[in-house]
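Report on the structure given below.
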Amino acid sequence: QVQMVESGGGLVQAGGSLRLSCTTSGLTFDGYVMGWFRQAPGKEREGVASIGEYGRNTYYADSVKGRSTISRDNAKNTVYLQMNSLKPEDTAMYYCAAGQPRRWLSALAADFGYWGQGTQVTVSS
């Protein structure tokens with residue numbers, strides 16, 4: 001019954017920008033940590049960014065820090081990932097995920113119990 005639907009992916013040239021969105025239903029949105037993960041073919045799943053229940057705490061992977069911003073709108077049950085200065089190595093399937101809060105703001109896939117279907121981001125050179 002929990003649903004999480006990503007949108008906003010697509011094909012962009014290197015240096016461009018995208019804003020990914022994930023709209024959720026069926027869960028108490030402001031009771032969950034939200035995260036963005038990505039996985040390219042043949043690569044391990046990577047935690048990109050995560051955000052605490054009320055948006056006050058954020059985490060970014062070193063690979064995207066300074067280029068990306070995670071945010072959430074609890075009134076809309078939606079989490080966003082703004083990505084700027086995109087690089088070909090950002091090409092991947094991007095997934096949003098929801099997890100129960102823990103002591104530390106997690107970016108580990110095992111700490112997230114609900115997942116969306118993914119949206120493809122392709123960055124061309």
[atom1]/[X] to [atom2]/[Y] distance, rounded to the nearest 0.5 angstrom?
| X | Y | atom1 | atom2 | result |
| --- | --- | --- | --- | --- |
| L20 | W36 | CG | CH2 | 4.5 Å |
| S63 | R38 | OG | CZ | 4.5 Å |
| T58 | L105 | OG1 | CG | 7.5 Å |
| Y80 | S7 | OH | OG | 9.0 Å |
| R19 | N84 | CZ | CG | 11.5 Å |
| F29 | M4 | CZ | CE | 7.5 Å |

Are L18 and Y95 co-members of a hydrophobic cluster defined by side-chain heavy atoms under 4.5 Å apart? no
Is V79 linked to V64 within one hydrophobic cluster, defined over Ile, Leu, Val, Met, Phe, Trp and Tyr using a side-chain heavy-atom separation of less than 4.5 Å? yes
Take F112 and S106, measure what side-chain contact (heavy atoms from CB on, under 4.5 Å) needs, and give me the verdict at the end. CA-CA 9 Å; F112 291 79; S106 178; 4.2 Å; yes
Counting heavy atoms not belonging to [X], are there more than 12 under 6.0 Å from its [atom1]?
| X | atom1 | value |
| --- | --- | --- |
| Q100 | CD | no |
| Q3 | CD | no |
| Y59 | OH | yes |
| R56 | CZ | no |

Look only at the side chain of [X] and the backbone of [Y], and say whether a donor-acceptor pair between them is shorter than 3.5 Å.
| X | Y | answer |
| --- | --- | --- |
| S68 | K65 | no |
| T119 | G9 | yes |
| R67 | S85 | yes |
| T24 | N77 | yes |
| T78 | K76 | yes |
| E6 | C22 | no |

Give the ring-plane orientation class for W115 versus F37, where under 30° counts as parallel, over 60° as perpendicular and anything between as tilted. tilted
Side-chain contact test, heavy atoms from C-beta onward, threshold under 4.5 Å: evaluate it for [X] versus [Y] and give yes or no.
| X | Y | value |
| --- | --- | --- |
| V121 | M83 | yes |
| V48 | Y60 | no |
| T122 | V12 | no |

Decide yes or no on salt bridge (charged side-chain N to carboxylate O under 4.0 Å, His left out) for R72 and D30, but give the supporting numbers first. CA-CA 9 Å; R72 65 192 294 162; D30 63 3; over 6 Å; no
Contact summary for [X] and [Y], nearest pair of heavy atoms:
| X | Y | value |
| --- | --- | --- |
| A14 | P88 | CB-CD, 4.1 Å |
| L81 | A49 | CD1-CB, 4.2 Å |
| P101 | G31 | CD-O, 3.3 Å |
| T91 | A40 | O-CB, 3.7 Å |
| E53 | V33 | OE1-CG2, 3.9 Å |

One pair to check against side-chain contact (heavy atoms from CB on, under 4.5 Å): Q117 and V5. What are the steps and the verdict? CA-CA 7 Å; Q117 82 291 341; V5 180; 4.2 Å; yes
